[in-house]
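Notes for the one structure printed next.
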Amino acid sequence: DSGVTQTPKHLITATGQRVTLRCSPRSGDLSVYWYQQSLDQGLQFLIQYYNGEERAKGNILERFSAQQFPDLHSELNLSSLELGDSALYFCASSPSSSEGKRDGYTFGSGTRLTVV
Amino acid sequence: GQSLEQPSEVTAVEGAIVQINCTYQTSGFYGLSWYQQHDGGAPTFLSYNALDGLEETGRFSSFLSRSDSYGYLLLQELQMKDSASYFCAVRDGGGFQKLVFGTGTRLLVSP
């Protein structure tokens, strides 16, 4: 157990639907990052939150949105789903900016989203 | 922006040594990291280099040359369980640590 919890582990849904992925960061970590990994692809950065505020945005589609709550858990909302959105979605957390550089990110086990 | 290049696949036999290279282009450099990912699993942190030279952690070592924008991960005494994908990554900006990952190198270890 890495300490980063993602739910659900698997999700199958139809095109056009909306889903919410949830992430609880490791205790004490203030930063949460979301990544998308399509089949046999690398990790594409979506968005980062730090202590409740959005800090960086990657190639995140307008159909996707995220937020980080006061208890530091984060949710990634995916709407108007398309077949191409099928992927593994990872959440990662890290401590504050000055402390995390040597220890790296801690990733959750991911949510496998299948759009049919 | 940032871009990282890695070989797509490397094969080796048990007990051997293998080196996975990574070249990067960044607008600013804040360190090179390596992550391991088994099929269907989560990436796990292996190492981080901020300065030139070799960092050793057990069977794994990581090297960085900032002047060449180049690094490598060295895996010694390969075991079957080392079969996985390996990603290099660089930080995008000094403050908030957003990581940009390479496309990954799939390592296949055979008996």
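Letters go in sequence order (proteins before strands), and every chain restarts at 1. Predicted model only: the values in this text are computed from it and were never measured.
Aromatic pair B:F101/A:Y35: centroids less than 6.0 angstrom apart.
Neither the backbone nor the side chain of A:Q6 comes within less than 4.5 Å of any heavy atom in chain B.
The heavy-atom pair separating B:A42 from A:G108 by the smallest distance is CB-O, 3.0 Å. Nearest heavy atom pair, residue A:F90 against residue B:G41, reads CZ-O, 3.3 Å.
Under a hydrophobic clustering in which Ile, Leu, Val, Met, Phe, Trp and Tyr are joined whenever their side-chain heavy atoms come within less than 4.5 Å, directly or via other members, B:F63 and B:W34 fall into different clusters. Linking ILVMFWY side-chain heavy atoms closer than 4.5 Å, directly or via other members, places B:Y70 and B:F87 in two distinct hydrophobic clusters.
Of the residues considered (B:G40, B:P43, B:S85, B:G104), B:P43 shows the highest number of contacts with chain A, using heavy-atom pairs under 4.5 Å.
When the ring-ring contact (aromatic ring centres under 6.0 Å, His included) test is applied to A:F64, no partner is found at least two apart in sequence or on another chain.
Atom CD of B:E5 is surrounded by 12 or fewer heavy atoms from other residues, nucleotides or ligands within 6.0 Å. More than 12 heavy atoms of other residues, nucleotides or ligands lie within 6.0 Å of CD in B:Q79, so this atom counts as buried by the packing criterion.
With hydrogens and angles ignored, the 3.5 Å screen pairs a side-chain donor or acceptor of A:Y105 with a backbone N or O of B:L99.
If you take CZ on B:F45 and OG1 on A:T106, they are separated by 9.5 Å, rounding to the nearest 0.5 Å.
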Q: Give the C-alpha distance, both sets of side-chain angles, the deciding distance and a yes or no for side chain to side chain contact (heavy atoms under 4.5 Å, CB included) between B:V100 and A:F45.
A: CA-CA 7 Å; B:V100 177; A:F45 172 73; over 6 Å; no
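Within the structure, salt bridge (charged side-chain N to carboxylate O under 4.0 Å, His left out) pairs that include any residue of residues 58-81 of chain B comprise B:D52-B:R66, B:R59-B:D82 (at least two apart or interchain).
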